[in-house]
A.B. asks: 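Quick one: the structure is below, and I'll ask about it shortly.
All heavy atoms count here, side chains included; hydrogens, waters and symmetry mates do not. Here is how names work: the chains are called A, B, and so on, in the same order as the sequence lines, proteins then strands, and each is numbered from 1.
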2 protein chains.
Amino acid sequence: MPHLLLKDLPRYECLLEAAREFPDLDPSATEVFLHLLRAGDEAFRVVEEHLAQHDISQGRFGVLMALWGNCQDAENKNEKPLTPAELAERTGVTRATMTGLVDTLERAGFVTRTAHPDDRRMMSVCLTKRGEKLLARILPPHFRRMAWLMEPLSEPERRTFVRLLTKVLTRATTSTPPSARDEETVRPGRA
Amino acid sequence: MPHLLLKDLPRYECLLEAAREFPDLDPSATEVFLHLLRAGDEAFRVVEEHLAQHDISQGRFGVLMALWGNCQDAENKNEKPLTPAELAERTGVTRATMTGLVDTLERAGFVTRTAHPDDRRMMSVCLTKRGEKLLARILPPHFRRMAWLMEPLSEPERRTFVRLLTKVLTRATTSTPPSARDEETVRPGRA
DNA sequence: CTTTTGTCGTTAGCCGCCTAACTATCGGTC
DNA sequence: GACCGATAGTTAGGCGGCTAACGACAAAAG
């Protein structure tokens, strides 16, 4: 979803000019950052448009993929139960959000919610036949969209791209940003 | 905001395996796609955490930046009026959303809403002194976060990165995805 | 066995984004 | 001068995230 800074990215010379006023502004870093957010947002939109045609939001799709991915592991039995907590963990939403997502998917008949045999606190969420059919219908065009989006990139470019993205991803997830201590103590305070 | 597919990205061999079942799946394209969405999401989170400490959402920040960016152009007069419609266009949200964002910012005293002198349908949104002070307080650590995030990348890597991101961005915004015609006629239909 | 601690799923309430519809106003046409 | 389409801003309602709190249950501590 569009949750962005500026729609048209600033030209590099503007960044250079702004850097004179703000010594902390690193022009090339800012440029990469803005392009990354913008490109990620557009790529997101490309597949979201397709999924929306099947009345599937990105969150719901994540749940279905998590259950389907799990199916791959144990394909002998058609059921591949996961708990809502595991689903939340894998798709990166809270357990509370997962309750709503599973609610919707269950109402639509794509998953079932059954009591866990061992632990009565837990539930087992399974993909139904209908859910599998939906995925079988959605996935091929979904994959085609991703392939289409990356078509301008050669194979070496793709490898380089993944390497650079991984660098940023690693940085973002394994380190703590600068002056996190200074600012975390600041309470919002005023409206 | 976390609105993602899978939190832990699949290994490449899994993609290769899945590609045998789905001929439309391009493993390298999918890998780039998933990494792009994931990295974009994490980068987004890094700055969002900081802004949240000042009770500023990404949407509100976009409005402030749009007004501030406009300030740069005409710095002689402290007022830099933009209409809500222009702000919506620049930040990539709808006019309805902009109404809410400006409401909040106005209540907090960061912007003012005044009648447009020429056209009585329009409003003029201006940054207040207090809004400028907020930006002056927020921007330096904001820039430091972006610089910190990109620190692992060398200058040549950054240039390559921007080039690759631009390729994807251009593809996503200037062309229409495959089979868009086939699917756009499909009505969601069922819950 | 009882108590404590922790986990699971759910609920309630907030916020930001969307679409669709409405009102007020402008500009052009007759 | 009176209509008429287009446009600006707002409102109403929906949806999908979030946090905080809850009751049910399991596992460890006594």
A.B. asks: Checking contacts here: which listed nucleotide (dC25(D), dG9(D), dG9(C)) is nearest the side-chain heavy atoms of Ala85(B)?
C.D. replies: dG9(D)

A.B. asks: dT10(D) P sits how many Å from Met98(B) CE, rounded?
C.D. replies: 11 Å

A.B. asks: Tell me the interatomic distance from Phe61(B), atom CZ, to dC17(C), atom P, rounded to whole angstroms.
C.D. replies: 14 Å

A.B. asks: Quick check for you: among dG17(D), dG16(C), dT25(C), whose closest atom lies nearest to any side-chain atom of Val93(A)?
C.D. replies: dG17(D)

A.B. asks: Name the closest nucleotide to the Thr83(B) side chain, picking from dG17(D), dG9(D), dA26(D).
C.D. replies: dG9(D)

A.B. asks: Is there a side-chain contact between Arg113(A) and the phosphate of dT10(C), meaning an N or O under 4.0 Å from OP1 or OP2?
C.D. replies: yes

A.B. asks: Asp41(B) CG to dC18(D) C1': how many Å, rounded?
C.D. replies: 14 Å

A.B. asks: Parallel, tilted or perpendicular, judged at 30° and 60°: which one describes the rings of His142(B) and His50(B)?
C.D. replies: parallel

A.B. asks: Nearest whole angstrom, please: distance from the C1' of dC25(D) to the NE2 of His116(A).
C.D. replies: 13 Å

A.B. asks: Quick one: is dT10(D) close enough that its OP1 or OP2 comes under 4.0 Å of any side-chain N or O from Thr99(B)?
C.D. replies: yes

A.B. asks: What is the distance from CZ of Arg107(A) to P of dC15(D), rounded to the nearest Å?
C.D. replies: 9 Å

A.B. asks: Is Arg120(B) side chain donor-acceptor paired with the dT25(C) base, going by distance under 3.5 Å alone?
C.D. replies: no

A.B. asks: As a quick check of understanding, evaluate side chain to side chain contact (heavy atoms under 4.5 Å, CB included) for Phe161(B) and Val168(A), giving each step before the final call.
C.D. replies: CA-CA 11 Å; Phe161(B) 208 170; Val168(A) 172; 3.7 Å; yes

A.B. asks: Are any of Thr97(A)'s side-chain N or O atoms less than 4.0 Å away from OP1 or OP2 of dC18(D)?
C.D. replies: yes

A.B. asks: So if I take every side-chain heavy atom of Met122(A) and compare against dA12(D), dC17(C), dG9(C), which nucleotide ends up nearest?
C.D. replies: dG9(C)

A.B. asks: To the nearest Å, give me how far apart CG (Leu101(A)) and P (dG9(C)) are.
C.D. replies: 14 Å

A.B. asks: Under the salt bridge (charged side-chain N to carboxylate O under 4.0 Å, His left out) criterion, do Arg144(A) and Asp26(B) qualify, and how do the steps go?
C.D. replies: CA-CA 8 Å; Arg144(A) 281 198 293 273; Asp26(B) 179 336; over 6 Å; no

A.B. asks: Can we say Glu157(A) and Lys167(B) salt-bridge, meaning some charged N sits less than 4.0 Å from an Asp/Glu carboxylate O?
C.D. replies: yes

A.B. asks: Starting at CG of Asp118(B) and ending at C1' of dT7(D), how long is that distance when rounded to a whole Å?
C.D. replies: 16 Å

A.B. asks: Should Arg171(A) and Glu151(B) count as an ion pair when the cut-off is N to O under 4.0 Å?
C.D. replies: yes

A.B. asks: Look at the side chain of Arg95(A) and the base of dG9(C), then say whether one donor and one acceptor between them are separated by less than 3.5 Å.
C.D. replies: yes

A.B. asks: Just how far, in rounded Å, is P of dC17(C) from CD of Glu48(A)?
C.D. replies: 14 Å

A.B. asks: Is the phosphate of dG6(C) approached by Arg121(A) (side-chain N or O, under 4.0 Å from OP1 or OP2)?
C.D. replies: no

